[in-house]
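As C-alpha coordinates, the structure follows; a few thoughts come after it.
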Amino acid sequence: MNKPIRKAVLPVAGLGTRFLPATKAVPKEMLTIVDRPIIQYVVDEARAAGIEHIAFVTGRNKHVIEDHFDMAYELEDTLKARKKTEALELLEKHRPQPGSTSFTRQQAPLGLGHAIWCARDIIGDEPFAILLPDVIIKSKVSCLRQMVDLYDQTGGNIIAVEEIPEDQTHQYGIVELAERINAASSEISNMVEKPAPGTAPSNLMITGRYILQPEIFDLLSEQGKGAGGEIQLTDSMISLMSKQKFASLKFEGRSYDCGSKYGFLSANIAFGMDDPKLADDLLPFMRDIVEGQRQVAAE
Ligand code: UTP
(Lines give C-alpha, C1' and ligand atoms only; values in the text may rest on other atoms or scores of the structure.)
Protein backbone atom coordinates (compact mmCIF):
# COMPACT_ATOMS: atom_id res chain seq x y z
CA MET A 1 0.00 0.00 0.00
CA ASN A 2 1.22 3.53 -0.79
CA LYS A 3 2.07 5.76 2.15
CA PRO A 4 -0.72 8.37 2.51
CA ILE A 5 -0.21 12.03 1.57
CA ARG A 6 -0.69 13.82 4.89
CA LYS A 7 1.46 16.93 4.56
CA ALA A 8 1.79 19.78 2.08
CA VAL A 9 4.40 22.49 1.54
CA LEU A 10 3.30 25.98 0.48
CA PRO A 11 6.34 28.11 -0.46
CA VAL A 12 5.50 31.76 0.16
CA ALA A 13 8.95 33.33 0.45
CA GLY A 14 9.18 34.86 -3.05
CA LEU A 15 9.46 38.61 -3.56
CA GLY A 16 6.45 39.03 -5.86
CA THR A 17 8.31 41.58 -7.99
CA ARG A 18 5.76 41.40 -10.82
CA PHE A 19 3.19 42.96 -8.50
CA LEU A 20 5.22 45.86 -7.11
CA PRO A 21 4.36 48.29 -5.62
CA ALA A 22 1.30 46.32 -4.34
CA THR A 23 3.61 43.69 -2.82
CA LYS A 24 6.01 46.10 -1.10
CA ALA A 25 4.27 45.75 2.29
CA VAL A 26 1.55 43.14 1.49
CA PRO A 27 2.62 39.61 0.46
CA LYS A 28 1.46 38.60 -3.01
CA GLU A 29 -0.31 35.60 -1.47
CA MET A 30 -2.51 37.98 0.56
CA LEU A 31 -3.88 39.85 -2.48
CA THR A 32 -7.60 39.24 -2.76
CA ILE A 33 -9.63 37.21 -5.22
CA VAL A 34 -13.22 38.44 -4.67
CA ASP A 35 -13.36 38.19 -0.84
CA ARG A 36 -10.50 35.86 0.15
CA PRO A 37 -6.73 36.11 -0.03
CA ILE A 38 -5.19 33.96 -2.77
CA ILE A 39 -3.54 31.72 -0.18
CA GLN A 40 -6.89 30.84 1.40
CA TYR A 41 -8.05 29.20 -1.85
CA VAL A 42 -4.90 27.08 -1.89
CA VAL A 43 -5.21 26.02 1.76
CA ASP A 44 -8.88 25.13 1.17
CA GLU A 45 -7.84 23.00 -1.84
CA ALA A 46 -5.25 21.15 0.28
CA ARG A 47 -7.71 20.52 3.10
CA ALA A 48 -10.32 19.22 0.62
CA ALA A 49 -7.68 16.67 -0.47
CA GLY A 50 -7.34 15.35 3.09
CA ILE A 51 -4.07 17.17 3.92
CA GLU A 52 -3.59 17.16 7.70
CA HIS A 53 -0.57 19.43 8.05
CA ILE A 54 0.54 22.46 6.05
CA ALA A 55 4.14 23.70 6.13
CA PHE A 56 4.43 27.32 5.01
CA VAL A 57 7.90 28.37 3.91
CA THR A 58 7.83 32.10 4.61
CA GLY A 59 10.27 34.98 4.35
CA ARG A 60 10.69 38.47 5.71
CA ASN A 61 7.51 40.62 5.62
CA LYS A 62 5.25 37.55 5.43
CA HIS A 63 4.07 37.41 9.07
CA VAL A 64 0.58 38.57 8.06
CA ILE A 65 0.08 35.10 6.47
CA GLU A 66 0.60 33.50 9.90
CA ASP A 67 -1.87 35.97 11.43
CA HIS A 68 -4.45 35.16 8.76
CA PHE A 69 -4.52 31.50 9.78
CA ASP A 70 -4.60 32.28 13.52
CA MET A 71 -7.51 33.18 15.79
CA ALA A 72 -8.33 36.92 15.80
CA TYR A 73 -9.52 37.23 19.42
CA GLU A 74 -10.53 40.89 19.44
CA LEU A 75 -12.36 40.65 16.13
CA GLU A 76 -14.12 37.41 17.06
CA ASP A 77 -15.16 38.74 20.51
CA THR A 78 -16.59 41.84 18.88
CA LEU A 79 -18.46 39.75 16.31
CA LYS A 80 -19.83 37.56 19.12
CA ALA A 81 -20.98 40.60 21.14
CA ARG A 82 -22.69 41.98 18.01
CA LYS A 83 -24.25 38.56 17.26
CA LYS A 84 -22.68 38.46 13.79
CA THR A 85 -23.03 34.68 13.64
CA GLU A 86 -22.55 34.32 9.89
CA ALA A 87 -19.26 36.24 9.87
CA LEU A 88 -18.02 34.23 12.88
CA GLU A 89 -18.86 30.92 11.20
CA LEU A 90 -17.01 32.01 8.08
CA LEU A 91 -13.85 32.73 10.08
CA GLU A 92 -14.12 29.37 11.90
CA LYS A 93 -14.69 27.45 8.65
CA HIS A 94 -11.48 28.75 7.11
CA ARG A 95 -9.27 28.39 10.20
CA PRO A 96 -6.99 25.33 10.26
CA GLN A 97 -7.10 23.03 13.31
CA PRO A 98 -4.71 24.03 16.11
CA GLY A 99 -1.32 22.42 15.53
CA SER A 100 -1.99 21.63 11.87
CA THR A 101 0.29 24.34 10.45
CA SER A 102 4.04 25.01 10.67
CA PHE A 103 5.95 28.09 9.58
CA THR A 104 9.61 27.96 8.65
CA ARG A 105 11.75 30.70 7.15
CA GLN A 106 13.65 30.67 3.89
CA GLN A 107 16.22 33.25 4.89
CA ALA A 108 16.92 34.39 1.33
CA PRO A 109 14.81 33.76 -1.81
CA LEU A 110 17.30 31.42 -3.51
CA GLY A 111 14.70 29.68 -5.64
CA LEU A 112 11.69 27.36 -5.44
CA GLY A 113 13.85 24.23 -4.98
CA HIS A 114 15.61 25.83 -2.02
CA ALA A 115 12.27 26.92 -0.50
CA ILE A 116 10.97 23.32 -0.62
CA TRP A 117 14.24 22.02 0.89
CA CYS A 118 13.69 24.38 3.86
CA ALA A 119 10.64 22.25 4.82
CA ARG A 120 12.59 18.95 4.95
CA ASP A 121 12.48 18.50 8.73
CA ILE A 122 8.76 19.24 8.93
CA ILE A 123 7.96 16.73 6.18
CA GLY A 124 10.37 13.99 7.30
CA ASP A 125 10.45 10.63 5.54
CA GLU A 126 7.05 10.56 3.82
CA PRO A 127 5.57 11.49 0.44
CA PHE A 128 4.07 14.98 0.42
CA ALA A 129 2.31 17.56 -1.72
CA ILE A 130 3.54 20.93 -2.95
CA LEU A 131 1.05 23.64 -3.88
CA LEU A 132 2.39 26.85 -5.41
CA PRO A 133 0.34 29.43 -3.59
CA ASP A 134 0.11 31.94 -6.40
CA VAL A 135 -1.72 29.44 -8.61
CA ILE A 136 -5.39 28.88 -7.81
CA ILE A 137 -7.47 26.23 -9.49
CA LYS A 138 -11.15 26.45 -10.28
CA SER A 139 -12.57 22.94 -10.33
CA LYS A 140 -15.53 20.93 -9.07
CA VAL A 141 -13.22 18.53 -7.19
CA SER A 142 -10.07 19.90 -5.51
CA CYS A 143 -7.15 19.50 -7.97
CA LEU A 144 -4.97 17.99 -5.24
CA ARG A 145 -7.79 15.57 -4.37
CA GLN A 146 -7.77 14.38 -8.00
CA MET A 147 -3.98 13.90 -7.74
CA VAL A 148 -4.23 12.00 -4.45
CA ASP A 149 -6.84 9.69 -6.03
CA LEU A 150 -4.40 8.89 -8.85
CA TYR A 151 -1.50 8.49 -6.39
CA ASP A 152 -3.55 5.97 -4.39
CA GLN A 153 -3.52 3.78 -7.52
CA THR A 154 -0.03 4.44 -8.89
CA GLY A 155 2.20 5.60 -5.99
CA GLY A 156 5.39 7.39 -7.08
CA ASN A 157 5.44 11.06 -8.02
CA ILE A 158 2.55 12.95 -9.64
CA ILE A 159 2.57 16.27 -11.49
CA ALA A 160 -0.56 18.22 -12.44
CA VAL A 161 -0.49 19.38 -16.07
CA GLU A 162 -2.71 21.53 -18.25
CA GLU A 163 -2.92 22.00 -22.01
CA ILE A 164 -1.77 25.39 -23.29
CA PRO A 165 -1.49 26.88 -26.80
CA GLU A 166 1.71 25.75 -28.61
CA ASP A 167 2.94 29.35 -28.95
CA GLN A 168 3.07 29.79 -25.15
CA THR A 169 5.14 26.72 -24.23
CA HIS A 170 8.39 28.74 -24.02
CA GLN A 171 7.02 30.52 -20.92
CA TYR A 172 6.47 27.42 -18.75
CA GLY A 173 7.79 24.06 -17.49
CA ILE A 174 6.69 21.42 -20.02
CA VAL A 175 6.50 17.61 -19.67
CA GLU A 176 7.38 14.90 -22.16
CA LEU A 177 5.09 11.89 -21.95
CA ALA A 178 5.76 8.16 -22.26
CA GLU A 179 3.27 5.31 -21.73
CA ARG A 180 -0.37 6.08 -21.09
CA ILE A 181 -1.81 5.13 -17.67
CA ASN A 182 -5.41 6.16 -18.37
CA ALA A 183 -7.32 8.85 -20.32
CA ALA A 184 -6.07 11.64 -18.01
CA SER A 185 -2.68 10.32 -17.02
CA SER A 186 0.63 9.15 -18.53
CA GLU A 187 4.11 8.34 -17.36
CA ILE A 188 6.50 11.28 -17.69
CA SER A 189 9.82 10.62 -19.45
CA ASN A 190 11.29 14.14 -19.16
CA MET A 191 10.55 17.75 -18.38
CA VAL A 192 12.01 21.02 -19.62
CA GLU A 193 11.90 24.46 -18.05
CA LYS A 194 10.91 27.14 -20.62
CA PRO A 195 11.90 25.33 -23.86
CA ALA A 196 12.97 27.51 -26.81
CA PRO A 197 10.02 28.24 -29.17
CA GLY A 198 9.28 25.28 -31.44
CA THR A 199 11.26 22.75 -29.34
CA ALA A 200 8.69 21.84 -26.63
CA PRO A 201 8.11 18.07 -26.27
CA SER A 202 4.34 18.64 -25.69
CA ASN A 203 1.85 21.41 -24.95
CA LEU A 204 1.36 20.23 -21.36
CA MET A 205 2.35 22.83 -18.79
CA ILE A 206 3.40 21.96 -15.23
CA THR A 207 0.67 23.64 -13.22
CA GLY A 208 2.07 24.17 -9.71
CA ARG A 209 0.74 21.08 -7.93
CA TYR A 210 3.06 18.14 -7.17
CA ILE A 211 3.08 14.95 -5.12
CA LEU A 212 6.70 13.98 -4.47
CA GLN A 213 8.61 11.29 -2.61
CA PRO A 214 10.90 12.41 0.25
CA GLU A 215 14.07 11.39 -1.69
CA ILE A 216 13.71 14.77 -3.45
CA PHE A 217 15.21 16.45 -0.34
CA ASP A 218 18.60 14.68 -0.70
CA LEU A 219 18.75 15.75 -4.33
CA LEU A 220 17.81 19.34 -3.46
CA SER A 221 20.51 19.51 -0.78
CA GLU A 222 23.20 18.56 -3.33
CA GLN A 223 21.90 20.77 -6.10
CA GLY A 224 23.51 24.00 -7.26
CA LYS A 225 21.95 26.98 -8.98
CA GLY A 226 20.16 26.43 -12.29
CA ALA A 227 18.19 28.64 -14.68
CA GLY A 228 17.96 32.29 -13.58
CA GLY A 229 20.66 31.71 -10.92
CA GLU A 230 18.04 30.01 -8.69
CA ILE A 231 17.92 26.54 -7.11
CA GLN A 232 15.22 25.00 -9.31
CA LEU A 233 12.79 22.27 -8.24
CA THR A 234 12.62 20.98 -11.83
CA ASP A 235 16.35 20.08 -11.87
CA SER A 236 15.97 17.82 -8.81
CA MET A 237 12.78 16.27 -10.19
CA ILE A 238 14.65 15.37 -13.38
CA SER A 239 17.36 13.66 -11.26
CA LEU A 240 14.72 11.80 -9.24
CA MET A 241 13.12 10.64 -12.48
CA SER A 242 16.10 8.37 -13.19
CA LYS A 243 15.25 6.37 -10.02
CA GLN A 244 11.48 6.74 -9.55
CA LYS A 245 8.29 6.90 -11.59
CA PHE A 246 6.62 10.20 -12.41
CA ALA A 247 3.07 10.45 -13.76
CA SER A 248 1.17 13.41 -15.19
CA LEU A 249 -2.44 14.21 -14.38
CA LYS A 250 -4.55 16.32 -16.73
CA PHE A 251 -6.84 17.46 -13.92
CA GLU A 252 -10.43 18.57 -14.46
CA GLY A 253 -10.49 22.32 -13.92
CA ARG A 254 -8.62 25.48 -14.87
CA SER A 255 -5.67 27.20 -13.26
CA TYR A 256 -5.12 30.93 -12.77
CA ASP A 257 -1.56 32.17 -12.29
CA CYS A 258 -2.28 34.96 -9.84
CA GLY A 259 1.42 35.92 -9.85
CA SER A 260 0.73 37.65 -13.19
CA LYS A 261 -1.58 40.62 -13.60
CA TYR A 262 -3.64 38.90 -16.30
CA GLY A 263 -4.08 35.72 -14.21
CA PHE A 264 -4.99 37.73 -11.13
CA LEU A 265 -7.61 39.85 -12.93
CA SER A 266 -9.12 36.91 -14.81
CA ALA A 267 -9.35 34.91 -11.55
CA ASN A 268 -11.26 37.78 -9.96
CA ILE A 269 -13.73 37.79 -12.86
CA ALA A 270 -14.07 33.98 -13.03
CA PHE A 271 -14.57 33.52 -9.27
CA GLY A 272 -16.74 36.64 -9.07
CA MET A 273 -19.05 35.22 -11.74
CA ASP A 274 -19.63 32.19 -9.46
CA ASP A 275 -21.57 34.40 -7.06
CA PRO A 276 -25.03 34.83 -8.65
CA LYS A 277 -25.60 38.26 -7.05
CA LEU A 278 -22.24 39.55 -8.21
CA ALA A 279 -22.71 37.98 -11.65
CA ASP A 280 -25.96 39.97 -12.08
CA ASP A 281 -23.98 43.21 -11.76
CA LEU A 282 -20.72 42.09 -13.34
CA LEU A 283 -22.18 40.82 -16.60
CA PRO A 284 -23.85 44.08 -17.74
CA PHE A 285 -20.75 45.97 -16.53
CA MET A 286 -18.46 43.81 -18.68
CA ARG A 287 -20.81 44.11 -21.66
CA ASP A 288 -20.68 47.94 -21.33
CA ILE A 289 -16.88 47.88 -21.22
CA VAL A 290 -16.64 45.66 -24.30
CA GLU A 291 -19.21 47.78 -26.14
CA GLY A 292 -17.25 50.95 -25.21
CA GLN A 293 -14.03 49.37 -26.55
CA ARG A 294 -15.80 48.43 -29.80
CA GLN A 295 -17.06 51.98 -30.27
CA VAL A 296 -13.59 53.45 -29.67
CA ALA A 297 -12.12 50.95 -32.17
CA ALA A 298 -14.77 51.86 -34.76
CA GLU A 299 -14.16 55.65 -34.41
P1 UTP B 1 7.50 32.87 -8.46
O2 UTP B 1 8.79 33.10 -9.11
O3 UTP B 1 6.27 32.78 -9.29
O4 UTP B 1 7.19 33.98 -7.37
O5 UTP B 1 7.63 31.59 -7.53
P6 UTP B 1 7.94 35.29 -6.94
O7 UTP B 1 9.42 35.15 -7.03
O8 UTP B 1 7.38 35.67 -5.60
O9 UTP B 1 7.35 36.34 -7.97
P10 UTP B 1 7.99 37.35 -9.03
O11 UTP B 1 8.42 36.50 -10.19
O12 UTP B 1 9.11 38.08 -8.34
O13 UTP B 1 6.85 38.26 -9.36
C14 UTP B 1 6.57 30.64 -7.35
C15 UTP B 1 6.30 30.42 -5.86
O16 UTP B 1 7.49 30.02 -5.18
C17 UTP B 1 7.74 30.85 -4.08
C18 UTP B 1 6.98 32.15 -4.35
O19 UTP B 1 6.59 32.75 -3.11
C20 UTP B 1 5.82 31.70 -5.17
O21 UTP B 1 4.70 31.35 -4.37
N22 UTP B 1 9.20 31.06 -3.94
C23 UTP B 1 9.95 31.38 -5.04
C24 UTP B 1 9.79 30.93 -2.69
O25 UTP B 1 9.11 30.62 -1.68
N26 UTP B 1 11.14 31.12 -2.58
C27 UTP B 1 11.92 31.44 -3.65
O28 UTP B 1 13.15 31.60 -3.48
C29 UTP B 1 11.29 31.57 -4.91
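Hydrogens, waters and symmetry mates play no part in the numbers below; they use all other heavy atoms, side chains included. Ligands are counted one by one from 1 in listed order, and the atoms in each one are counted from 1 as well. Because the structure is a prediction, the values reported are computed rather than measured.
Residue contacts with ligand 1, taken as heavy atom pairs separated by less than 4.0 Å, involve E29 solely via side-chain atoms from C-beta onward. Contacts between T17 and ligand 1 below 4.0 angstrom, taking non-hydrogen atoms only, involve backbone and side chain alike.
Annotation: side chain of M237 is in contact with side chain of M191 (closest heavy-atom distance under 4.5 Å). Side-chain contact check for V175 versus L177: some heavy-atom pair is nearer than 4.5 Å. F69 is listed as a side-chain neighbour of I39, based on a closest heavy-atom distance under 4.5 Å.
Atom CD of Q293 has 12 or fewer heavy atoms from other residues, nucleotides or ligands within 6.0 Å. Residue E126 places its CD atom among more than 12 non-hydrogen atoms of other residues, nucleotides or ligands, all under 6.0 Å distant.
Scanning all heavy atoms of the two residues, the minimum distance from Q106 to A13 falls at OE1-CB, 3.1 Å.
The shortest heavy-atom distance from K28 to ligand 1 is under 4.0 Å. Under a 4.0 Å heavy-atom criterion, G111 is in contact with ligand 1.
Here the CD-CG distance, from Q40 to D35, works out to 10.0 Å after rounding to the nearest 0.5 Å.
Annotation: F19 places no N or O atom under 3.5 Å from an N or O atom of ligand 1; distance criterion only. Between G16 and ligand 1, a contact under 3.5 Å exists for at least one N or O pair.
For atom 17 (C) of ligand 1, the closest heavy atom belonging to the protein is P11 O, 3.5 Å. Of all protein heavy atoms, the one closest to atom 14 (C) of ligand 1 is D134 OD2, 3.8 Å. The shortest contact between atom 25 (O) of ligand 1 and any protein heavy atom is with A13 N, 2.8 Å. Closest to atom 16 (O) of ligand 1, if we only count protein heavy atoms, is L112 CD1, 3.7 Å. Looking only at heavy atoms of the protein, atom 23 (C) of ligand 1 is closest to G14 CA, 4.1 Å. Protein heavy atom nearest atom 3 (O) of ligand 1, with residue, atom name and distance: R18 NH2, 3.1 Å. Of all protein heavy atoms, the one closest to atom 26 (N) of ligand 1 is Q106 OE1, 2.7 Å.
For an aromatic pair to be called close, the ring centres must be under 6.0 Å apart, and Y256 with F264 fails this. For F246 and Y210, the ring centers sit 6.0 Å or farther from each other.
Close approach of ligand 1 to P133 (heavy-atom distance below 4.0 Å) involves ligand atoms 21 (O). Under a 4.0 Å criterion applied to the non-hydrogen atoms of A115, ligand 1 contributes the atoms 24 (C), 25 (O), 26 (N). The contact set between ligand 1 and L110, taken as ligand atoms under 4.0 Å from a residue heavy atom, comprises 28 (O). The distance from ligand 1 to the heavy atoms of P109 drops below 4.0 Å at these ligand atoms: 28 (O).
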### Worked verdict on H114 versus L233 for side chain to side chain contact (heavy atoms under 4.5 Å, CB included)
CA-CA 8 Å; H114 182 262; L233 179 63; over 6 Å; no
### Query
Step by step, would you call Q232 with E193 a side-chain hydrogen bond (donor to acceptor under 3.5 Å, both in side chains)?
CA-CA 9 Å; Q232 299 284 355; E193 207 39 72; over 6 Å; no
